[in-house]
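In what follows, a single structure is set out as structure tokens and then discussed.
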Amino acid sequence: MSTEENPAAAPRSLAEALRGRDDVSLAALLRSRPDLITPVPTDLTQLATRAGTRASVVRALERLDRFTLQTAQALAIAPDPATYAELLGLMAGDDGDPAVSAALPHALGTLRAQALVWGGDDRLRLVRTARELLAPSPQHPSPTGLGPTVREAGAGISPGRVQEILATAGLPSTHDSVSALNALAGLFDDPERMSALLDQAPSESVEVLERLVWGPPYGQVTADPAPRLRWLLDRGLLLPTAPGTVVLPREVALRLRAGRAHRTTEPVPPPVEAAAAHRPQLVDATAAGQAYTALATVEELLKDWHEGGPAVLRAGGLSVRDLKRTAVALDVPEPVAAFWVELAYAAGLLASDGEADERYAATPAYDEWREGPAGERWARLATAWLAATRTPGLVGERDAKDRTLSALGPGLDRSAAPEVRHRVLALLAGLPEGAAPDSGSLLARLRWERPPRADRTGGGAPSPYARRTTAQPAEGTRGVAARAGGPGAPGYPTDGASGAGGEDDLRSRLARWTLAEAEMLGVTGRSALSSHGRALIGAPPAPRHADTRTEPAGPGDKLPVHHRQTPVPPALSPAEQATAAAAAGRLLDPLLPEPLDHVLLQADLTAVAPGPLERPLADMLGVLADVESKGGATVYRFTPASVRRALDAGQSAADLHAFLTAHSRTPVPQPLAYLIDDVARRHGHLRVGAASSYVRCDDDAVLNEILADKRAAGLGLRRLAPTVLAARTDPAALLEGLRAMGFAPAAESAEGDVLIARADAYRTPPRTPPEPVPDGPPVPDDTLLAAAIRAVRAGDLASTAPRRPVAGAADTAPGELPRATAAETLAGLQAAVLTNDTLWIGYVNAEGGASQRVIAPIRVEGGFVTAYDHTADEVRTYPLHRITGVAELGE
């Protein structure tokens with residue numbers, strides 16, 4: 001039987017409404033509002049109390065879509081309780097709106113499911129905290145643009161003035177102000193009488209009402225109002241709220257709005273339009289090229305930091321100068337360089353070494369990552385990007401304390417980033433295959449799904465973009481100025497105004513950054529989601545576009561594809577995400593170019609790599625030559641310094657000749673062969689060791705040349721023997737100084753052996769990737785939900801079961817633990833064992849925590865009672881001395 005047929009069955013509180021739900025409904029509530037389960041409430045009454053706290057309600061309101069939020073706002077201005085018909089009237093208006101009528105049941109069901117609304121359709125109640133947040137007031141305006149009711153606005157008017165208003169409006173006088181205001185509200189609620197009253201209004205007065213009807217409802221008047229304003233004030237169509245301030249009563253505004261609470265209702269989410277359509281093969285090929293570039297860029301970044309990267313700032317992060325150097329090395333703009341640095345950090349490939357002179361360097365995980373298949377390496381980067389809360393787009397901006405946010409530094413975490421990234425990609429997955437989205441429609445969809453704060457509560461600081469309505473006075477010193485503001489606030493957001501506060505603006509920026517970063521990473525190609533990008537988020541294959549065109553006619557050629565959009569895929573669990581990432585990597589692998597095993601040597605001391613090189617070849621060539629240019633083909637240049645670098649790494653001239661001969665499709669040019677032989681002949685002729693440092697050479701003429709060179713003055717050299725020079729500088733500085741003078745010295749060990757310096761010798765200790773900052777409590781899994789619901793229901797049984805005291809036990813007030821002497825407790829438990837009765841007990845655990853339990857005693861012996869605990873749904877044993885008392889359950 002419904003509550004309409006049986007009013008006595010209607011819940012009297014939110015706790016009673018929750019008590020009537022099944023386990024599936026409770027699980028849905030706890031899944032959508034995970035803060036309610038942290039920690040697990042003891043019973044349903046505590047769950048209802050927690051669901052009504054301000055922090056929890058604000059969080060729930062923030063996650064409503066625009067139409068559901070508009071429904072809650074309408075309930076906040078409706079009578080308490082309201083009927084479904086009254087709510088429908090506020091949402092659809094007097095004329096009715098079929099789209100609103102069709103969407104309202106789902107929106108109301110969402111509010112009920114999230115415990116923001118309770119009661120049957122005949123007695124709908126918004127949770128008190130939500131009503132306080134959404135109801136209009138001078139300090140907290142409502143996005144509906146409505147003001148207070150006649151009863152609220154007229155509470156401060158003198159009784160005599162109220163009677164004068166009644167008389168002017170053509171209503172009989174009453175004995176008190178309350179009944180007078182009720183009569184005035186009844187006049188405004190009556191369509192026929194209200195229409196008759198407005199027909200008598202001067203056109204100037206109607207213009208004033210039209211300026212105020214959609215909000216803000218407050219205006220200013222002088223001490224001597226103009227006639228058009230006096231006409232409204234005398235009939236209660238405007239009511240004074242403070243000296244010089246008037247307000248349009250809610251009933252009047254609703255009648256002028258034809259019953260609508262909102263100027264524009266949005267029952268249907270705006271579609272994501274397609275700005276262009278490309279061939280899916282072209283999209284995948286473009287995305288694969290970007291994915292290959294992403295892998296190469298990350299490798300180049302970490303290869304540049306092989307020997308220890310930039311120093312860590314005292315406050316943490318990368319300095320502006322080091323970021324600029326990194327951008328130059330990668331040949332990208334600084335914001336893009338910040339993205340690649342942060343991506344490597346999020347993937348666990350980059351970290352600080354933790355030393356006293358702290359520096360950034362590659363982690364041991366980088367070596368393992370480099371050896372994996374290209375698809376797997378890309379999937380690791382893409383997965384880290386999807387889940388990261390660090391936001392590279394904020395680098396260079398300032399925080400609340402006016403400190404510059406630096407790459408790899410603190411303050412870059414934004415907990416909403418993963419959710420926005422996944423949502424943007426999910427909306428792209430809803431488009432046909434190969435369709436690139438129109439960014440404006442995409443942002444509009446995201447704003448509908450998560451409205452800005454000004455549209456949620458209208459509270460807080462007014463938006464700088466709030467509409468302002470101004471009524472110019474008819475005469476110089478008399479009139480009304482209806483402004484976007486009321487007492488104590490410079491402005492009121494109005495219905496439909498989209499504030500651009502910090503958090504709301506950040507979500508739009510996150511969406512734009514997601515589109516750009518997805519393109520750089522190769523998740524999208526030509527702004528359309530690729531097949532491996534679709535697999536990355538677990539989306540099913542998209543339908544082919546029905547249009548036969550493969551390219552748009554122009555930038556404004558928008559294709560009407562939203563009618564064929566596929567369902568948006570849900571967020572994935574960590575295990576599902578790992579499976580999806582592996583599948584995406586397998587899809588990407590065939591699209592990436594095959595590595596080459598050769599280069600083309602040229603007579604100008606350069607080598608051209610016509611494509612990606614196999615790793616051993618690329619590593620060796622990176623030591624032997626310097627990269628001169630990148631692109632479809634990479635150009636390497638051989639120099640004396642680069643050849644010496646290869647010799648320092650332990651290669652001989654014969655090794656270098658053999659390497660070039662084996663990997664070049666062209667003969668080794670004579671200039672390159674001469675360069676290698678010339679540098680090798682001079683390499684190691686000088687030896688540098690540690691004295692502080694020393695130089696030794698079998699040819700004393702070379703040492704004489706060094707001593708005679710003015711550039712050696714800073715090295716502090718002096719002769720110890722015909723073939724040995726001592727220096728005041730350390731070996732590394734001495735090596736650099738001699739190389740700057742044009743020599744090719746080699747370092748040696750204490751035993752006299754040549755030291756081989758490898759560029760990839762330095763790694764940080766093992767590091768774990770940074771943990772994302774969660775956006776509130778995590779969503780509980782099914783196992784935790786089932787256990788929590790069982791505990792809550794058992795606790796609710798213990799707290800609500802009817803009781804009667806055991807004979808001789810002290811009376812217990814509702815909600816208190818039962819109290820009894822030890823003898824009375826023992827007797828009650830022994831009797832329950834014989835009669836198989838169920839008892840209500842008070843229990844204090846070892847930590848001193850008190851609780852109520854419902855148990856069925858099985859046996860009592862040795863100072864313990866063994867019983868089936870209905871609260872825990874299992875058999876337990878309790879010490880008798882911890883039981884405060886017992887009580888029998890009532891009928």
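Just so we're clear, the structure is a prediction, and the values are computed from it rather than from any experiment.
Among residue pairs with one or both ends in residues 101-114, those qualifying as side chain to side chain donor-acceptor pair (under 3.5 Å) are Arg112-Asp121; sequence neighbours excluded.
Between the side chain of Gln163 and the backbone N or O of Thr174 there is at least one donor-acceptor pair closer than 3.5 Å. Side chain of Ser441 to backbone of Glu273: a donor-acceptor contact under 3.5 angstrom is found. In this structure, Gln70 contributes its side chain and Glu266 its backbone to a donor-acceptor pair below 3.5 Å. At least one donor-acceptor pair closer than 3.5 Å links the side chain of Thr514 to the backbone N or O of Leu510. Side chain of Arg263 to main chain of Arg260: no donor-acceptor pair is present (N/O by atom type, distance under 3.5 Å, no hydrogens or angles). One N or O on the side chain of Thr391 and one on the backbone of Thr389 form a donor-acceptor pair closer than 3.5 Å. Of the possible polar contacts, none joining the Arg131 side chain to the Leu126 backbone as a donor-acceptor pair under 3.5 Å is found. In this structure, the side chain of Ser56 does not engage the main chain of Thr53 through any donor-acceptor pair within 3.5 Å. Using a distance-only test at 3.5 Å, with no hydrogens or angles considered, no donor-acceptor pair links the side chain of Thr245 to the main chain of Thr241. Judged by distance alone, with hydrogens and angles left aside, the side-chain atoms of Arg33 form a donor-acceptor pair with the main-chain N or O of Ala51 at under 3.5 Å.
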Result block: side-chain N/O donor-acceptor pairs under 3.5 angstrom for residues 75-92, not counting sequence neighbours:
residue, atom, partner, partner atom, Å
Asp80, OD1, Arg125, NH1, 3.4
Thr83, OG1, Glu86, N, 3.2
Glu86, OE1, Thr83, N, 3.0

Acceptor/donor pairs from residues 191-198 side chains to any protein atom, 3.5 angstrom cut, sequence neighbours excluded:
residue, atom, partner, partner atom, Å
Arg193, NE, Asp190, OD2, 3.3
Arg193, NH2, Gly186, O, 3.3
Ser195, OG, Pro191, O, 2.8

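Taking both residues in full, the closest heavy atoms of Pro267 and Phe67 are given as CA-CD1, 3.4 Å, listed atom of the first, atom of the second, then distance. Of all the heavy atoms in Leu146 and Ala261, the pair that sits closest is CD1-O, 4.3 Å.
With sequence neighbours left out, Arg59 forms a side chain to side chain donor-acceptor pair (under 3.5 Å) with no residue at all. Taking the side chain to side chain donor-acceptor pair (under 3.5 Å) definition, one finds that Thr45 meets it with Arg19, sequence neighbours left out. Residues satisfying the side chain to side chain donor-acceptor pair (under 3.5 Å) test with Arg403, not counting sequence neighbours, are Asp399.
A salt bridge does not link Arg63 to Glu419: none of the charged nitrogens lies less than 4.0 Å from a carboxylate oxygen. A salt bridge is absent between Asp94 and Arg257: the closest approach of a Lys/Arg side-chain nitrogen to an acidic carboxylate oxygen does not fall below 4.0 angstrom.
Counting heavy atoms from C-beta on, the side chains of Asp65 and Pro269 never come closer than 4.5 Å. Inter-residue side-chain proximity for Arg151 and Val178 is flagged as unmet; no heavy-atom pair is nearer than 4.5 Å. Two residues are said to be in side-chain contact when any heavy atoms from C-beta on lie closer than 4.5 Å; Val246 and Leu229 fail this criterion. Inter-residue side-chain proximity for Arg235 and Ile165 is flagged as unmet; no heavy-atom pair is nearer than 4.5 Å.
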>> Please determine whether side chain to side chain contact (heavy atoms under 4.5 Å, CB included) holds for the pair Leu427 and Arg445, giving the CA-CA distance in whole Å, both sets of side-chain angles, and the decisive distance to 0.1 Å.
In response: CA-CA 9 Å; Leu427 290 174; Arg445 174 63 173 266; 3.8 Å; yes
> When you look at Arg423 and Glu449, which way does the salt bridge (charged side-chain N to carboxylate O under 4.0 Å, His left out) test go after all the steps?
Replying inline: CA-CA 10 Å; Arg423 191 59 188 154; Glu449 294 179 346; 2.3 Å; yes
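Using modelled atom types and a 3.5 Å distance limit, the side chains of Gln46 and Arg50 yield a donor-acceptor pair.
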